[in-house]
Amino acid sequence: SIVNTRDMFQKAQIGSYAIPAFNIHNLETFQVVVETASELKSPVILASTPGTISYSGGDYLVAIGNVAAAKYDVPIALHLDHFESIEEIKKYIDYGFKSAMIDASHLPYEENIKLVKQVVEYAHAHGVSVEAELGRLGGVEDDLVVDEKDSKFTNPLQAKEFVELTGIDSLAVAIGTAHGLYKGEPKIDFERLEEIRSYVDIPLVLHGASDVPEEMVRRTIQMGICKVNIATDLKMPFSDAVKEYFRQNPDANDPRKYMTPGKEAMKKVVIDKIMMCGSNGKA
Ligand code: 13P
Ligand code: ZN
Ligand code: NA
C-alpha cells in the first residue's frame, strides 16, 4: 500500500542517503518512476503539485499509486508538493495521499507556524507525514513564481524553533538552490546547511535539485539532506525526446509511439538520480 515517509526517512537518515522525490504529471511519468525505482530497489516519493492534481486528478493519481504499490515491492509515497491551502491538503489526504508539504513560506513567520501546526494536527491524526519550508526558494515551479529578490535563505536558529513549535516531520531548507534552471552555477551555502543540521535533527529536504552538479547534491546528502526534489531534470529530456520524434516523424499521431521515446529518455535520468541519492538497494 501507499506509505507515508516516516520509515523511509528514518532509514535514510541512519544510512546517510536520500529518498528521491520525483514530480510526476500523468500515467506515463508515474510509470517510469515506479518501474525504475522497483528495478533499482529504491524507496521512492512521487510528488504532485496543485497544478498536477488539477491536470490529472487526485483520485486518478491515488488509484495509479495503489496499483503500483500492489505491483512493486518497494515503499511508494504519494506526496502533495507546495500546497498552500489546508483545505486542499485535507481533501487529498482523504483521497489517500500520505505525505504533504504545506508551503506557507510566503507568509510572515508567526502565520507560517500557525498554518503549519494546523496541517500537522490533521495530518498526524490521519497517519500522514508533513513537510514545511522555512526561508524561501527562488525560481519557477508550475504556478509558483518567486523572484530572486523575494527568495530568502533559512535562518538556522529560527529553523530549530520552527521545528519545535510545529511538530513537522521534515524541513525544506533554502540554502541556494532554486526551482527550474539556474542562470549561472548554483551557489550552495554548505555552512548554513551544517549549522541548520546542528540545531535540527529531523530530515531535511532539498528543493530545486535539478541542474545542480551531482557532487554538490551528494555533499548535501552527507550533511543531512534526506529528500531530494527533482522536477525540471525529468521534464526536459522527456519533452526533448518527444520533439525529436516529431522532427523525424512529422506525421506521427499515435501517443503510444511518440510518448515512448520520452519515457525512455526520462528513465535514464531517474536511474541517475536514484544513484545520486544512494537509495538504490535500500528498499
Ligand atoms: P527543480 O525545478 O529544480 O527540479 O525543483 C523541483 C522541486 O523543488 C519540486 O518541489
Ligand atoms: Zn520545490
Ligand atoms: Na533547480
Side-chain angles (χ1 to χ4, degrees), residues 5 18-25 29-30 32-33 44-53 55-56 61 77-84 88-89 92 97 99-106 112 116 129-148 150-154 168 170-189 193 203-221 225-240 265-266 268-270 272-274 276-277:
T5 52
I19 311 294
F22 296 108
N23 284 76
I24 49 82
H25 306 100
T29 49
F30 205 119
V32 172
V33 169
V44 72
I45 299 170
L46 295 107
S48 303
T49 61
T52 296
I53 301 249
Y55 175 78
S56 280
L61 292 171
L78 294 192
H79 175 73
L80 300 166
D81 192 29
H82 291 287
F83 273 67
E84 298 184 356
E88 283 193 24
I89 289 178
Y92 296 118
F97 282 81
S99 173
M101 176 195 195
I102 171 71
D103 185 350
S105 62
H106 55 290
N112 186 347
V116 172
S129 33
V130 178
E131 171 184 332
E133 178 171 333
L134 188 65
R136 191 143 212 243
L137 258 76
V140 180
E141 164 91 75
D142 286 1
D143 303 330
L144 181 65
V145 182
V146 179
D147 202 80
E148 209 174 304
D150 297 322
S151 66
K152 205 166 155 287
F153 279 24
T154 306
I168 51 171
S170 58
L171 176 72
V173 293
I175 53 170
T177 56
H179 289 121
L181 301 179
Y182 299 90
K183 287 180 197 107
E185 267 255 307
K187 287 191 189 62
I188 298 197
D189 190 342
L193 177 58
L204 302 176
V205 179
L206 187 68
H207 281 251
S210 290
D211 202 25
V212 179
E214 186 177 321
E215 326 79 67
M216 281 194 181
V217 177
R218 284 182 188 269
R219 195 169 155 206
T220 67
I221 294 169
I225 292 291
C226 282
K227 171 173 176 271
V228 174
N229 286 10
I230 311 284
T232 309
D233 274 351
L234 302 183
K235 282 193 217 170
M236 290 195 312
F238 195 111
S239 56
D240 285 348
M266 177 175 155
K268 292 200 180 85
V269 180
V270 172
D272 290 349
K273 299 298 182 185
I274 289 174
M276 174 182 77
C277 286

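Only a predicted model underlies this, so the values are computations on that prediction, with no experimental measurement involved. Counting convention: from 1, in listed order, for ligands and their atoms alike.
Of all atoms in ligand 1, numbered sequentially from 1 with element shown, those under 4.0 Å from a heavy atom of H82 are 10 (O). Interface of H179 with ligand 1, defined as ligand atoms under 4.0 Å from a residue heavy atom, comprises 2 (O), 5 (O), 6 (C), 7 (C), 8 (O), 10 (O). Close approach to N23 involves these atoms of ligand 1, each under 4.0 Å from a residue heavy atom: 9 (C). Taking every non-hydrogen atom of I230 and a distance limit under 4.0 Å, the qualifying atoms of ligand 1 come out as 4 (O). Counting the atoms of ligand 1 from 1 in the order shown, those under 4.0 Å from a heavy atom of A178 are 3 (O). Applying the 4.0 Å criterion to heavy atoms of H207 picks out, from ligand 1, the atoms 8 (O), 10 (O). Close contacts of ligand 1 with G180, meaning ligand atoms under 4.0 Å from a residue heavy atom, involve 1 (P), 2 (O), 3 (O).
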- Derivation and outcome, side chain to side chain contact (heavy atoms under 4.5 Å, CB included), residues F153 and I175: CA-CA 6 Å; F153 279 24; I175 53 170; 5.6 Å; no

- Please assess V33 against T29 for the test side chain to side chain contact (heavy atoms under 4.5 Å, CB included), listing each intermediate value before the final yes or no. CA-CA 6 Å; V33 169; T29 49; 5.7 Å; no

- Could you walk me through whether C226 and I19 pass the side chain to side chain contact (heavy atoms under 4.5 Å, CB included) test, one step at a time? CA-CA 6 Å; C226 282; I19 311 294; 5.9 Å; no

- Starting from the C-alpha separation in whole Å, work towards a yes-or-no answer on side chain to side chain contact (heavy atoms under 4.5 Å, CB included) for L171 and V205. CA-CA 6 Å; L171 176 72; V205 179; over 6 Å; no

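Listed for the D233 side chain is a donor-acceptor partner under 3.5 Å among the backbone atoms of D211. S99 contributes no side-chain N or O that, together with a main-chain N or O of H79, makes up a donor-acceptor pair within less than 3.5 Å. Formation of a donor-acceptor pair under 3.5 Å by the T5 side chain with backbone atoms of S129 is not found in this model. When atom types are taken as modelled, the side chain of S56 and the backbone of I53 share no donor-acceptor pair closer than 3.5 angstrom.
Looking at atom 10 (O) of ligand 1, its nearest protein heavy atom turns out to be D81 OD2, 2.7 Å. From the protein, the heavy atom lying nearest to atom 8 (O) of ligand 1 is G208 N, 2.8 Å. Nearest protein heavy-atom neighbour of atom 9 (C) of ligand 1: E141 OE1, 2.7 Å. Nearest non-hydrogen protein atom to atom 4 (O) of ligand 1 is S210 OG, 2.6 Å.
Of all non-hydrogen atoms in A174 and K152, the two that sit nearest each other are CB-O, 3.3 Å. Looking at every heavy atom in both residues, Y55 comes nearest to H25 through CD2-O, 3.3 Å. Annotation for I168 and A132: closest pair CG2-CB, 3.9 Å, computed over non-hydrogen atoms.
To the nearest 0.5 Å, atom CZ of residue F30 and atom CG of residue L61 are 6.5 Å apart. Of the inter-residue distances, the one linking S210 atom OG with K235 atom NZ reads 9.0 Å to the nearest 0.5 angstrom. One distance of note links CE of M276 with CD of E215; it measures 10.5 Å at 0.5 Å rounding.
Annotation: V140 places no N or O atom under 3.5 Å from an N or O atom of ligand 1; distance criterion only. Checked by distance only, ligand 1 and T232 come closer than 3.5 Å through their nitrogen or oxygen atoms.
For a distance threshold of 3.0 Å, the protein N, O or S atoms nearer than that to the Na ion (ligand 3), listed by chain and number, are A178 O, G180 O, G208 O, S210 O. For a distance threshold of 2.8 Å, the protein N, O or S atoms nearer than that to the Zn ion (ligand 2), listed by chain and number, are H82 NE2, H179 NE2, H207 ND1.
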Indicate every side-chain donor-acceptor pair of residues 133-146 with a distance under 3.5 Å to a residue at least two apart or in another chain.
residue, atom, partner, partner atom, Å
E133, OE2, L137, N, 3.1
R136, NE, S105, OG, 3.1
D142, OD2, T49, OG1, 2.4

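Taking N229 as the reference, H207, K227 meet the side chain to side chain donor-acceptor pair (under 3.5 Å) condition, with sequence neighbours excluded.
Contact annotation: for A209 versus ligand 1, heavy atoms closer than 4.0 Å belong to the backbone alone.
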